[in-house]
Enquirer: 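I am attaching a structure below and will ask some questions about it afterwards.
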Amino acid sequence: MKRILTGLCAALSLAAIAAPARAAPPVWVVKDADSEMLLFGSIHVLPPGLAWRPAALDAGLKRADDLWFELPAGPAAEQEISRLAASTGVLPPGQSLFTLLTPKDAQLLLRAAEGLGVDKTTLDRLEPWLAEVAIAAAAYRAAGADTQFGVEKMVEAAAPPRVRRQALETPAEQLSLFDQSPLAEQIASLNQTVRELQEDPEGYNKLVRAWLAGDVTTLDQEALEPMRQASPGVFQRLVTDRNARWVVELDGRLKGKGRTVVVVGVGHLVGADGLPARLRALGYSVTGP
């Protein structure tokens, strides 16, 4: 359910996004006199078998006192997200998703749903934001990619048990970002994803290749720019506003002491408004791409 990472594909293969000889996803290190914070950008949904973990991340996890994710780690949070989505993402009785769209956009959505095996009757009952999640999830499943192979699952498993797990948001807070978006913005974001599935089937592959190569310029273009252009209100809430809230939390942690690893969507780390740039503006030493 992460529109921060755009460019979903209908056909993904390991051959298409095979890791380079030396995978180097971007890592930033933030320091002051008595604290060190490693920032690592996640891709939440990946295919199995990619060798992506940089040595700096593994070393940081071994030394860390605490590990921060966007959401609490573990099945309880996943179950809570599913419960909240089911209770908040359904249209009121008598309303239809397809009638909220223009005839052309409704036809494009129906075609995408049929191609991905998404039941059109169920889809028609969903609010646009949850319909977008359903279409995106089906595209990932069809490609063999899953959150089970994503960065958060792998990092959580690799981190020593003694490392304290922390979260920047609750499931309810994250779901509200989608559910409380104005209807017109939800529809614009859904339409964008459906068009990308049709017009840019290599979009996801390009995103993952750029991530594996540590190419932050391409990451900004592939992960953020489409949303900036198509849904500026969604971009403001999902990226800019969250970055502003999260940097307050991270600043507070850095004012203490110790070693921290932070894993959030890579879209929150790149660009002039990303967390590294915001922490640098607060006076911290920040090294990275």
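Each residue takes its place number in the sequence, starting with 1.
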Enquirer: Specify the closest pair of heavy atoms between Ser87 and Leu84, including all atoms of both residues, with the distance to one decimal.
Expert: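 It is OG-O, 3.0 Å.
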
Enquirer: Yes or no on salt bridge (charged side-chain N to carboxylate O under 4.0 Å, His left out) for Glu156 and Lys153, after CA distance, side-chain angles and deciding distance?
Expert: CA-CA 5 Å; Glu156 164 63 14; Lys153 291 283 188 181; over 6 Å; no

Enquirer: With a 4.5 Å limit on heavy-atom distance, are the side chains of Pro54 and Pro26 in contact?
Expert: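 Not in contact.
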
Enquirer: Could you tell me which non-hydrogen atom of Val163 sits nearest to which non-hydrogen atom of Leu61, and how far apart they are?
Expert: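 In terms of heavy atoms, the two residues are closest at CG2-O, 4.0 Å.
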
Enquirer: Rounded to the nearest 0.5 Å, how far does CD of Glu36 lie from CG of Asp34?
Expert: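 CD of Glu36 is found 11.5 Å from CG of Asp34.
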
Enquirer: In Å, rounded to the nearest 0.5 Å, how long is the span from CG of Leu130 to OG1 of Thr88?
Expert: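 Going from the CG atom of Leu130 to the OG1 atom of Thr88 covers 7.5 Å.
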
Enquirer: Are any of the side-chain nitrogens in Arg209 or Glu222 under 4.0 Å away from the carboxylate oxygens of its partner?
Expert: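 Judged by the 4.0 Å cut-off on N to carboxylate O distance, Arg209 and Glu222 do not form a salt bridge.
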
Enquirer: Keeping Asp124 on the side-chain end and Ser96 on the backbone end, is there a donor-acceptor pair under 3.5 Å?
Expert: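 Side chain of Asp124 to backbone of Ser96, a donor-acceptor pair under 3.5 Å: no, none is there.
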
Enquirer: Considering all heavy atoms of both residues, which atom of Pro47 and which atom of Phe149 are nearest to each other, and what is their separation?
Expert: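 Shortest heavy-atom separation between Pro47 and Phe149 comes out as O-CB, 3.8 Å.
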
Enquirer: Apply the test side chain to side chain contact (heavy atoms under 4.5 Å, CB included) to residues Val151 and Val266: give CA-CA distance (whole Å), side-chain angles for both, the deciding distance (0.1 Å), then the verdict.
Expert: CA-CA 10 Å; Val151 167; Val266 70; over 6 Å; no

Enquirer: Mind checking the NZ-CG spacing from Lys62 to Leu57? Nearest 0.5 Å is all I need.
Expert: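 One finds 11.0 Å between NZ of Lys62 and CG of Leu57.
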
Enquirer: Once rounded to the nearest 0.5 Å, what's the spacing between atom CD of Gln221 and atom CG of Leu207?
Expert: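 It is 11.5 Å, given to the nearest 0.5 Å.
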
Enquirer: Could you tell me whether the side chain of Val30 reaches within less than 4.5 Å of the side chain of Leu250, counting heavy atoms only?
Expert: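 Answer no - side chains too far apart.
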
Enquirer: Return all side-chain donor-acceptor pairs below 3.5 angstrom for residues 104-114, not counting sequence neighbours, or 'none' if the list is empty.
Expert:
{"from": "Asp105", "atom 1": "OD2", "to": "Thr102", "atom 2": "OG1", "distance (Å)": "3.2"}
{"from": "Asp105", "atom 1": "OD2", "to": "Asn191", "atom 2": "ND2", "distance (Å)": "3.0"}

Enquirer: Any side-chain heavy atom of Arg237 sitting closer than 4.5 Å to one from Gln180?
Expert: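 Counting from C-beta outward, Arg237 and Gln180 never come under 4.5 Å.
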
Enquirer: With a cut-off of 3.5 Å and sequence neighbours excluded, list every side-chain donor-acceptor pair involving residues 277-287.
Expert:
{"from": "Arg278", "atom 1": "NE", "to": "Asp273", "atom 2": "O", "distance (Å)": "3.0"}
{"from": "Arg278", "atom 1": "NE", "to": "Asp273", "atom 2": "OD1", "distance (Å)": "3.3"}
{"from": "Arg278", "atom 1": "NH2", "to": "Asp273", "atom 2": "OD1", "distance (Å)": "2.6"}
{"from": "Arg278", "atom 1": "NH2", "to": "Asp273", "atom 2": "OD2", "distance (Å)": "3.2"}
{"from": "Arg280", "atom 1": "NH2", "to": "Val286", "atom 2": "O", "distance (Å)": "3.2"}
{"from": "Tyr284", "atom 1": "OH", "to": "Asp251", "atom 2": "OD1", "distance (Å)": "2.5"}

Enquirer: Closest heavy-atom contact between Leu38 and Gly60?
Expert: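 Looking at all heavy atoms of both residues, the shortest contact is CD1-CA, 4.4 Å.
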
Enquirer: Do Ser42 and Glu152 get their side chains close enough for a donor-acceptor pair, meaning under 3.5 Å?
Expert: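 There is such a pair between these side chains.
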
Enquirer: Quick one, Glu169 and Ser176 - any side-chain contact, counting heavy atoms below 4.5 Å?
Expert: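 No - every pair of side-chain heavy atoms lies 4.5 Å or more apart.
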
Enquirer: Check the pair Ile43 / Val208 against side chain to side chain contact (heavy atoms under 4.5 Å, CB included), numbers first and verdict last.
Expert: CA-CA 8 Å; Ile43 290 188; Val208 177; 4.0 Å; yes

Enquirer: Restricting to non-hydrogen atoms, name the atom on Pro128 and the atom on Gln186 that form the minimum distance, rounded to 0.1 Å.
Expert: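 Here Pro128 and Gln186 meet closest at CD-OE1, 3.4 Å.
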
Enquirer: Show your working on side chain to side chain contact (heavy atoms under 4.5 Å, CB included) between Leu177 and Arg242 and close with a plain yes or no.
Expert: CA-CA 10 Å; Leu177 296 168; Arg242 292 165 87 199; 3.3 Å; yes

Enquirer: Closer than 3.5 angstrom, by distance alone: can the side chain of Glu173 be matched with the main-chain N or O of Thr170 as a donor-acceptor pair?
Expert: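 Checking the backbone N and O of Thr170 against the side chain of Glu173, a donor-acceptor pair under 3.5 Å is found.
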
Enquirer: Find the distance between CZ (Arg253) and CE (Met37) and round it off to the nearest 0.5 Å.
Expert: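 Rounded to the nearest 0.5 Å, the CZ-CE separation comes to 6.5 Å.
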
Enquirer: Keeping to residues at least two apart or across chains, list the ring pair (Phe, Tyr, Trp, His ring centres under 6.0 Å) pairs with something in residues 209-233.
Expert: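 Every ring pair (Phe, Tyr, Trp, His ring centres under 6.0 Å) pair that includes a residue of residues 209-233, provided the two are not neighbours, is Trp52-Trp211.
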
Enquirer: Decide yes or no on side chain to side chain contact (heavy atoms under 4.5 Å, CB included) for Glu196 and Tyr204, but give the supporting numbers first.
Expert: CA-CA 10 Å; Glu196 286 174 352; Tyr204 178 86; over 6 Å; no

Enquirer: Check this for me: does any side-chain nitrogen of one of Arg228 and Asp220 sit under 4.0 Å from a carboxylate oxygen of the other?
Expert: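 Asp220 and Arg228: salt-bridged.
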
Enquirer: Calculate, to the nearest 0.5 Å, the distance between atoms CG and CG belonging to Leu269 and Leu275 respectively.
Expert: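 Going from the CG atom of Leu269 to the CG atom of Leu275 covers 5.5 Å.
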
Enquirer: Evaluate the side-chain proximity of Asp200 to Lys206: yes if any heavy-atom separation is below 4.5 Å, no if none is.
Expert: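 Yes. Closest side-chain heavy atoms under 4.5 Å.
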
Enquirer: Measure across Leu254 and Ser35 and return the closest heavy-atom pair with its distance rounded to 0.1 Å.
Expert: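 The pair with the smallest heavy-atom distance is O-OG, 3.1 Å.
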
